[in-house]
Amino acid sequence: MEKLISSKHNIQHVPESYILPPETRPGKEAILSCNCIPVIDLHGNIDSNRQDLVQRIMEAAQEFGFFRSYLQFIMLELMNKTVKVAEEFFQLPVEDKASVYSEDPRKGCRLYTSIDYDHEKVHFWRDNLRHHCHPLEDHVGDWPGNPTRYRDVIGNYAVRVRELSFVLLDLIREGLGIESGYFEGGLAKLQMMSLNYYPPCPDPALTLGLPKHADPNLITVLNQGSVPGLQVLKDENWLALQPVPNAFVVNIGHTLQVISNGMLRSAEHRVVTNAYVARATVTSFIQPSNDSLIQPANVLVDRCSLPRYRPFRYDEFLRTYIKDAQDGKAPLKQYQISRT
Ligand SMILES: O=C(O)CCC(=O)C(=O)O
Ligand SMILES: [Fe+2]
């Protein structure tokens with residue numbers, strides 16, 4: 001528990017073990033804000049402008065691997081409440097969080113810090129609570145019971161965000177020309193909720209909340225609250241993705257990049273810290289079951305090109321993803337089929 005960054009109070013200097021090597025430090029250079037990430041508005045009747053939505057999502061997913069998406073206004077209240085509950089959880093006294101703290105990555109509901117604290121060379125400036133959330137009734141009993149509204153708010157939110165994820169996945173499926181029902185089996189079976197907490201950092205130039213990475217799963221829907229910190233890599237430049245109220249940030253994971261046979265991009269991103277305010281974010285990952293076979297969709301291979309990736313099991317990929325991330329290697333490289 002003492003490893004948690006939120007347990008450390010009045011830190012005046014960045015501890016040595018959190019200082020990144022110069023080549024991966026964010027430094028003091030100003031980062032451009034990115035207003036170019038497309039906004040996909042899902043208000044109202046999706047079917048009345050479905051073609052247009054499909055086209056805009058496909059363009060965004062190919063060019064950036066990221067887009068923002070708005071839903072009904074009713075979501076704004078739930079989005080704000082969710083980030084507030086996340087903040088409340090991380091700000092609880094240490095003894096109230098102890099029951100979910102674990103250093104065992106196999107635990108289904110787990111509070112921990114950084115990424116792999118005992119094995120990594122440098123630590124990251126974040127605490128994380130993650131747990132499964134689908135089907136809700138199988139998992140909600142493992143979640144924190146404190147704050148008292150935690151299960152109610154996060155449970156509600158998980159269901160709504162899962163619905164949104166499936167609307168988006170279906171539009172993407174259509175854009176790729178893949179048969180309907182493709183994501184109804186194991187490929188989108190699991191939903192993991194991941195709550196991040198990045199406390200203020202005395203010197204944000206030296207640290208990161210999360211290093212450069214792309215997500216391994218299918219599709220990610222992020223509620224980044226109102227405090228900036230997320231940056232996206234585009235043409236070798238970092239761009240800051242400013243929070244927009246009522247808009248989720250959506251990104252394509254490695255699994256969807258493979259299924260699309262490389263047509264869609266799983267974009268790299270990172271999280272910077274700031275010196276003034278704590279930042280809480282809530283991420284929902286739609287991910288395959290461990291035994292799912294991940295491979296380019298048949299229709300994409302038959303129609304226009306040879307497969308660019310060999311088939312692999314999702315749990316095999318997760319193991320190599322973690323190792324490759326630690327060694328600074330591109331996680332999909334070893335699954336790529338090279339043709340010379
Ligand atoms: O907290 C954020 O802004 C991004 C989190 C993220 O990239 C992740 O959880 O994979
Ligand atoms: Fe991420």
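When a ligand or atom number is given, it counts from 1 through the structure's own listing order. These numbers come from a predicted model, not from an experiment.
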Identify, by name, the N, O or S atom of [X] lying closest to the Fe ion (ligand 2).
| X | value |
| --- | --- |
| H213 | NE2 |
| D215 | OD1 |
| H269 | NE2 |

Below the 3.5 angstrom mark, is there an N/O of R126, backbone or side chain, next to an N/O of ligand 1?
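The answer is no, given that R126 and ligand 1 share no N or O pair closer than 3.5 Å.
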
So is S194 polar-close to ligand 1, meaning N/O to N/O under 3.5 Å?
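The answer is no, given that S194 and ligand 1 share no N or O pair closer than 3.5 Å.
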
Those atoms of ligand 1 less than 4.0 Å from some heavy atom in [X]:
| X | value |
| --- | --- |
| N196 | 1 (O), 5 (C), 9 (O) |
| V271 | 1 (O), 2 (C), 3 (O), 4 (C) |
| Y198 | 1 (O), 2 (C), 5 (C) |

Using only heavy-atom distances, determine whether the side chains of [X] and [Y] contain a donor-acceptor pair under 3.5 Å.
| X | Y | result |
| --- | --- | --- |
| Q91 | Y197 | yes |
| S194 | N128 | yes |
| D127 | T113 | yes |

Who gets closest to atom 7 (O) of ligand 1 by heavy atom: R279, R270, H269?
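Considering heavy atoms of R279, R270, H269, the nearest to atom 7 (O) of ligand 1 sits in H269.
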
In terms of hydrophobic clusters joined by side-chain contacts under 4.5 Å, are L256 and Y309 together?
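In one cluster with L256: Y309, yes.
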
Is V249 touching ligand 1 with its side chain, its backbone, both, or neither, if touching means heavy atoms under 4.0 Å apart?
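It is neither part, as no heavy atom is under 4.0 Å.
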
May I ask you to identify, for Y197, whether its side chain, its backbone, both or neither come under 4.0 Å of ligand 1 on a heavy-atom basis?
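Answer for Y197: neither.
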
Residue and atom name of the nearest protein heavy atom (relative to atom 6 (C) of ligand 1), distance in Å to one decimal:
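The closest heavy atom on the protein side is L210 CD1, 3.6 Å.
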
Can you confirm if the NZ or CZ of K97 lies within 45° of the ring axis of F90 and under 6.0 Å from the centre of its six-membered ring?
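That pair does not qualify as a cation-pi contact.
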
For N298 and I178, indicate whether the former's side chain and the latter's backbone hold a donor-acceptor pair under 3.5 Å.
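No; zero donor-acceptor contacts below 3.5 Å.
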
Is a side-chain donor or acceptor of E63 paired with a backbone partner of E59 at a separation under 3.5 angstrom?
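Side chain of E63 to backbone of E59, a donor-acceptor pair under 3.5 Å: no, none is there.
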
Is D118 salt-bridged to K3, cutoff N-O under 4.0 Å?
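K3 and D118: salt-bridged.
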
